[in-house]
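Read through the structure below, which is laid out as structure tokens, and then see the notes.
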Amino acid sequence: MKKYIVFMFLAVMTFTACAQKKSNAAVGKNDSSVDVQKTENPDFAKIDEILSKMSARAQEEIVISDKNEFLSDLYNVLAEEKKYRSDDLNLYYLIDKKHTVSSSYVPKDLVPLVKNEFYSINRNDLSLRPDVEKALREMAKASLNDGIRLLVSSTYRSYEYQKNLFAYWVKVDGLEEAERESARPGTSQHQLGVAIDFGSITDDFADTKMGQWIYKNGDKFGWSLSFPKQYEDITGYRWESWHFRYIGIPACQMQKKWFCGVQQYMLEFIDLWKQYELVQ
């Protein structure tokens with residue numbers, strides 16, 4: 001069973017950012033321009049309706065103080081998504097304990113990871129979506145310039161692979177603990193071919209030079225920490241300091257700016273936004 005250590009820096013940074021946004025929003029509530037905004041764009045009401053469908057914690061922490069600016073960022077993110085292939089699941093596809101993919105789903109044209117001059121691999125059966133591998137190389141080049149070589153430990157996993165992995169952790173830790181640290185088959189970001197486990201795949205990865213570099217620079221290349229500390233009630237999983245998902249640079253910027261740095265919040269919002277558009 002994995003042993004967990006305290007890594008409060010991420011939690012402090014996250015909560016500080018959220019607290020600051022709450023403070024700024026409180027000041028904005030007295031600004032009459034907010035009321036004027038609501039009459040200018042019908043999408044303002046759409047934002048409110050979508051937020052109302054999210055968890056109570058999300059509604060408390062997500063503060064959209066300037067809806068015009070928020071919409072501009074959202075439209076930019078949705079436009080970015082169209083740059084990726086349309087015959088596969090989209091870049092922001094929401095997959096979690098409630099949103100799944102079929103046992104037969106395999107990403108299009110997976111690229112095998114091989115030994116190269118940019119990053120290291122610890123197995124010969126790793127693969128990613130082509131656009132994701134390209135983004136990995138870009139980040140790896142930058143880390144090398146800072147004297148750090150990234151180690152890729154886990155990438156795409158098939159439904160069957162995840163099924164066996166989950167069964168293993170159930171056997172080792174019991175069902176209750178396994179549910180907190182391993183995805184059931186069909187619910188893993190790894191099956192999308194967009195997620196990477198880096199380094200040791202243990203909590204001490206957060207204290208390594210590699211881990212610290214990715215935390216500081218990953219979002220500049222489109223990589224987002226999927227399961228932050230103290231958000232198990234939102235993500236469904238314990239903190240995983242090593243697990244990052246590629247969502248693109250604009251989405252990383254939006255996540256940090258409007259969603260307290262919580263990937264799950266942003267992907268849920270985008271998913272609900274798309275559902276809203278489909279029924280209109």
Side-chain angles (χ1 to χ4, degrees), residues 77-78 80-116 118-140 150-171 178-179 181-199 201 218 221-227 235-237 240 242-252 263-264 266-268 270-272 274-275 278:
V77 166
L78 295 176
E80 181 73 11
E81 181 183 49
K82 295 179 180 179
K83 297 179 181 179
Y84 298 84
R85 61 187 306 160
S86 59
D87 60 343
D88 203 345
L89 295 182
N90 66 75
L91 187 63
Y92 313 127
Y93 186 85
L94 178 62
I95 186 169
D96 53 28
K97 291 185 176 182
K98 297 180 180 179
H99 304 84
T100 66
V101 293
S102 70
S103 59
S104 61
Y105 173 71
V106 179
K108 302 285 187 180
D109 301 327
L110 285 169
V111 176
L113 304 193
V114 297
K115 290 183 179 180
N116 61 84
F118 305 112
Y119 58 83
S120 298
I121 55 176
N122 69 354
R123 300 206 316 259
N124 294 321
D125 60 346
L126 302 177
S127 58
L128 290 168
R129 284 172 49 159
D131 41 14
V132 177
E133 197 280 333
K134 180 180 179 181
L136 168 62
R137 283 184 176 244
E138 291 302 313
M139 181 168 67
L150 302 183
L151 171 62
V152 178
S153 299
S154 184
T155 53
Y156 164 74
R157 298 176 190 161
S158 68
Y159 182 97
E160 192 64 25
Y161 184 104
Q162 193 66 37
K163 179 180 178 181
N164 293 333
L165 183 63
F166 182 77
Y168 168 80
W169 285 114
V170 170
K171 183 177 180 180
E179 291 278 16
E181 57 190 28
S182 180
R184 287 178 177 271
T187 70
S188 173
Q189 291 185 351
H190 286 285
Q191 192 175 346
L192 300 180
V194 298
I196 294 179
D197 288 344
F198 288 97
I201 316 185
F221 301 91
W223 293 90
S224 164
L225 181 71
S226 295
F227 309 120
T235 67
Y237 300 101
E240 292 192 354
W242 59 86
H243 180 114
F244 289 78
R245 173 176 175 168
Y246 180 73
I247 58 175
I249 297 173
C252 281
Q263 179 192 118
Q264 183 73 17
M266 185 188 67
L267 294 182
E268 285 182 10
I270 290 176
D271 182 67
L272 289 168
K274 292 178 177 178
Q275 290 182 37
L278 289 174

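Only a predicted model underlies this, so the values are computations on that prediction, with no experimental measurement involved.
Atom CD1 of I247 sits about 10.5 Å away from atom CD1 of I249, to the nearest 0.5 Å. Distance check, rounded to the nearest 0.5 Å: CD1 of I95 to CG of L89 gives 8.0 Å. With values rounded to the nearest 0.5 angstrom, R157 atom CZ is found 5.5 Å from L165 atom CG. Taking CG from L136 and CG from L113, the interatomic distance works out to 7.0 Å, rounded to the nearest 0.5 Å. With rounding to the nearest 0.5 angstrom, the CG atom of L272 is 8.5 Å from the CG atom of L94. Atoms CZ and SG, from R245 and C252 in turn, are 11.0 Å apart once rounded to the nearest 0.5 Å.
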Quiz prompt | Chi angles and distances behind the side-chain contact (heavy atoms from CB on, under 4.5 Å) call for I270, L78 | solution = CA-CA 9 Å; I270 290 176; L78 295 176; 4.2 Å; yes

Practice problem: Report the C-alpha separation of K98 and D96 in whole Å, then their side-chain angles, then the decisive distance to 0.1 Å, and conclude whether the salt bridge (Lys or Arg N to Asp or Glu O under 4.0 Å) test is met. | Solution: CA-CA 5 Å; K98 297 180 180 179; D96 53 28; over 6 Å; no

Practice problem: Show your working on side-chain contact (heavy atoms from CB on, under 4.5 Å) between R129 and V111 and close with a plain yes or no. | Solution: CA-CA 6 Å; R129 284 172 49 159; V111 176; over 6 Å; no

Exercise. Quick one: do E268 and Q263 satisfy side chain to side chain donor-acceptor pair (under 3.5 Å)? Show the steps, please.
Key: CA-CA 9 Å; E268 285 182 10; Q263 179 192 118; over 6 Å; no

Quiz item: Can you check side-chain contact (heavy atoms from CB on, under 4.5 Å) on Q191 and Y159, steps first, answer last?
Solution: CA-CA 7 Å; Q191 192 175 346; Y159 182 97; 3.8 Å; yes

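When atom types are taken as modelled, the side chain of Y105 and the backbone of T100 share no donor-acceptor pair closer than 3.5 angstrom. Not one N or O on the side chain of S224 forms a donor-acceptor pair closer than 3.5 Å with the backbone of S226. At least one donor-acceptor pair closer than 3.5 Å links the side chain of K97 to the backbone N or O of G236. The backbone N or O of G199 sits less than 3.5 Å from a side-chain atom of S153, completing a donor-acceptor pair.
A 4.5 Å side-chain heavy-atom check between D271 and Y92 finds every atom pair outside the cut-off. L151 places none of its side-chain heavy atoms less than 4.5 Å from the side chain of Y119. The side-chain heavy atoms of V152 and D197, taken from C-beta on, include no pair separated by under 4.5 Å. Under the 4.5 Å side-chain criterion, counting only non-hydrogen atoms from C-beta, P107 is in contact with Y156. Side-chain contact check for F198 versus L150: some heavy-atom pair is nearer than 4.5 Å. Between F244 and I196, every side-chain heavy-atom pair lies at or beyond the 4.5 Å cut-off. Contact of the H190 side chain with the T155 side chain is not registered, since no non-hydrogen atoms from C-beta on lie closer than 4.5 Å.
Between A251 and M266, the shortest heavy-atom distance links the atoms O-SD, 3.2 Å. Residues A140 and F118 share a closest heavy-atom pair of CB-O, 3.5 Å. Smallest separation of non-hydrogen atoms from S127 and L110: OG-CD1, 4.0 Å. For I201 against S154, the heavy-atom pair with the smallest separation is CD1-CB, 4.4 Å. When every heavy atom of K115 is checked against every heavy atom of I121, the shortest pair comes out as N-CD1, 3.9 Å. Annotation for Q162 and A183: closest pair NE2-O, 2.9 Å, computed over non-hydrogen atoms.
Under a cut-off of 6.0 angstrom, the local environment of NZ in K108 is sparse, with at most 12 non-hydrogen atoms contributed by other residues, nucleotides or ligands. Crowding of N116 atom CG: a count of heavy atoms from other residues, nucleotides or ligands under 6.0 Å exceeding 12.
Ring geometry, H243 versus F227: the interplanar angle falls from 30° to 60°, so the pair is classed tilted.
With respect to D87 and R85, a salt bridge is recorded, a charged nitrogen being found less than 4.0 Å from a carboxylate O. Under a 4.0 Å N-O distance rule, the pair E133/R137 qualifies as a salt bridge. Salt bridge present: K274 and E81 bring a charged side-chain N and a carboxylate O closer than 4.0 Å.
Aromatic ring centroids of W223 and Y246 lie under 6.0 Å apart.
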